Number of protein chains: 2
Amino acid sequence: MDLIGNSFTGSYHYTIDAKGRVNIPAKMRKALNPVNDRTFVATRGSDPCIILYPVEVWRQIEEKLINLSKRRALHRYYTRNFVRHAEALQYDQQGRVALPAGLIRYAGIEKDAEIVGMIDHIEIWEPGRLEECDRQYEDRQDELDSISDEIFA
Amino acid sequence: MDLIGNSFTGSYHYTIDAKGRVNIPAKMRKALNPVNDRTFVATRGSDPCIILYPVEVWRQIEEKLINLSKRRALHRYYTRNFVRHAEALQYDQQGRVALPAGLIRYAGIEKDAEIVGMIDHIEIWEPGRLEECDRQYEDRQDELDSISDEIFA
DNA sequence: ACGTTTGTGGGTAAAAGTGGGTAGATTTCC
DNA sequence: GGAAATCTACCCACTTTTACCCACAAACGT
């Protein structure tokens, strides 16, 4: 066993099959607490990718959303847009999930997908967009360094 | 098991048939606690859409309404307007409910309907109005971000 | 090298979504 | 008051989608 606690790490390249299914990397399946019953909640990321939360993590988000004011239209809109694109996905005996068509479109995924661990959740990217993201931030090394300073102070 | 606890999530597009019936998405039917006996309470939303509460959730609302002052006209008016448009709907063996004509008119629904999960209740929108809603809030990203900050603090 | 795990493809039975028929109840109208 | 019209719950039929299963090849670990 060489997984880091119960956190999601690493990056894996997979292909989407004709039925819209992607494999969940075996290491991530092992890292998912059994209480989640093999299921993740998929939704839109703040970045243009799909996010997979273990249900236990999603629960915490839901609790905060439900405590938002129901009186304020903006708060209702916020909740709606968050929940609207969320769907529970249970992976099959082969370890695959069927990604909703809407989320595949949002992430711009065609055939290939890069699955990236983000400690408490997982991201699924169209490979080109991930590279684009790298290019976008490469000239902001100073700011990145100062984040490093905060962390390793 | 492929539902998120007992919460309503995701967004589904359906058509209203000639008899004024809409399908309740299978995942939402499964998420509805059996104590509700396949029935929701439909009413007007604060937004221009139809809201479906599980009866157990509606009961909690009723209890709060009943404790409002019966002496004050404004309170009576508030209760009246809340309850006036509420109607219990039980879905049939195919999983469909017949929406009251008044609520369909209120939501501006013609042929298509977008059913949106809101964790503890369901919203039914005319698709165009949902988009309109998106457009209305897109230039208030700062405020939405500050809600995010509150939640993910 | 060989058994085991992992990733990928595809077939099939069940479930979901959609349309429409019909009988019993309710309402309307004369 | 009673017949005609309407409404509504329930049923059946059909199509599409999804979930579940089996199979196999490549990669991995020992």
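From a predicted model like this one, the values you see are computed outputs, not experimental measurements.
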Annotated protein contacts, base or backbone, on nucleotides 12-22 of chain C with a non-hydrogen cut-off under 4.0 Å, one of B, S, - each: ----SSBBBBB

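- In the helix from dA1(C)-dT30(D) to dC30(C)-dG1(D), the end axes, each obtained as the rotation axis mapping the C1' atoms of four pairs onto the next four within a five-pair block, lie 30° apart to the nearest 10 degrees.
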Salt bridge (charged side-chain N to carboxylate O under 4.0 Å, His left out) evaluation trace for E114(B) with R129(B): CA-CA 10 Å; E114(B) 196 74 19; R129(B) 287 196 180 171; over 6 Å; no

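- Across the protein-nucleic acid pair, Q93(B) atom CD and dA13(D) atom P stand 16 Å apart, rounded to whole Å.
- In terms of hydrophobic clustering, with Ile, Leu, Val, Met, Phe, Trp and Tyr side chains grouped at heavy-atom distances under 4.5 Å, V22(B) and M118(B) are assigned to different clusters.
- Side-chain contact of Y77(A) with D134(B): a donor-acceptor pair under 3.5 Å is present, judged by distance alone.
- Here R140(B) pairs with E143(B) in a salt bridge; the nearest charged N to carboxylate O distance falls below 4.0 Å.
- In terms of hydrophobic clustering, with Ile, Leu, Val, Met, Phe, Trp and Tyr side chains grouped at heavy-atom distances under 4.5 Å, Y12(B) and I16(B) are assigned to a common cluster.
- With side-chain heavy atoms closer than 4.5 Å counting as contact, directly or through intermediates, the hydrophobic cluster containing V116(B) also holds W125(B), L130(B).
- Residues K70(A) and D120(B) form a side-chain contact, since some pair of their non-hydrogen atoms from C-beta on lies under 4.5 Å apart.
- Ion pairing between R135(A) and E132(A) fails under the 4.0 Å rule for side-chain N and carboxylate O.
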